[in-house]
Amino acid sequence: LAAEEITNLIQKLPNACRTVFNMYVIDNMTHKEIAKKLSISEGTSKSNLHDARKILKRHTKFGIFSRFGIPLAETKSIRCCQICLFQKYP
């Protein structure tokens, strides 16, 4: 996927999911920081991020990570889509 396609997918996320996704992935904020800033619980922040990831994976043919040949099992310690959005692959 091109960066523009990923950006378009992110923009189509429901507002709560998009906001938490951007704060977590792009602004590199923790769930605790997000919860405080948005006046929501940490659980709600985690849930919104989970939903955003699920939606993004569903809207890509092979999933965002598998598009780059990265098994989903290896992404557990990587924030969703950071590697796809901010790094270039050969």
Side-chain angles (χ1 to χ4, degrees):
L1 293 172
E4 184 177 325
E5 291 173 297
I6 294 170
T7 301
N8 287 337
L9 287 174
I10 292 168
Q11 289 174 348
K12 292 178 183 177
L13 289 170
N15 191 42
C17 294
R18 184 180 64 248
T19 300
V20 170
F21 180 87
N22 286 336
M23 292 172 87
Y24 189 82
V25 174
I26 296 172
D27 299 332
N28 204 30
M29 295 174 72
T30 66
H31 287 293
K32 187 175 187 173
E33 293 168 330
I34 294 167
K36 184 176 180 180
K37 183 155 184 133
L38 298 179
S39 299
I40 60 175
S41 70
E42 286 183 54
T44 299
S45 176
K46 290 176 184 180
S47 177
N48 286 334
L49 179 63
H50 171 78
D51 292 346
R53 287 176 170 170
K54 199 163 62 171
I55 292 166
L56 290 172
K57 286 177 187 176
R58 189 178 340 132
H59 284 91
T60 58
K61 188 172 181 181
F62 302 106
I64 292 170
F65 291 106
S66 61
R67 177 79 174 193
F68 295 97
I70 300 167
L72 290 174
E74 293 179 15
T75 64
K76 289 183 180 175
S77 63
I78 301 172
R79 291 188 170 189
C80 179
C81 303
Q82 272 184 317
I83 57 174
C84 297
L85 291 172
F86 304 114
Q87 294 183 7
K88 296 187 183 207
Y89 289 90

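What you are looking at is a predicted structure, and each value in this text was computed from that prediction instead of being measured.
One finds the CG atom of N8 at 11.5 Å from the CG atom of L13 (value rounded to the nearest 0.5 Å). With rounding to the nearest 0.5 angstrom, the OG1 atom of T44 is 11.5 Å from the CD1 atom of I34. Between the CD1 atom of I10 and the CZ atom of F21 there is a distance of 4.0 Å, given to the nearest 0.5 Å.
Shown here for V20 and L38, the closest heavy-atom pair between the two residues is CG2-CD1, 4.1 Å. Contact between S45 and H31 at its shortest, heavy atoms only, is OG-ND1, 2.7 Å.
Looking at P14 and I55, their side chains come closer than 4.5 Å, going by heavy atoms from C-beta outward. R18 has its side chain within reach of N15: a pair of non-hydrogen atoms, C-beta onward, lies under 4.5 Å apart.
Remark: S47 engages no residue in a side-chain hydrogen bond (donor to acceptor under 3.5 Å, both in side chains) (not counting sequence neighbours). Looking at residues two or more places apart in sequence or on another chain, you find a side chain to side chain contact (heavy atoms under 4.5 Å, CB included) between K37 and M23, M29.
Shown are E33, R53, K46; of these, the side chain to side chain contact (heavy atoms under 4.5 Å, CB included) with Y24 is made only by R53.
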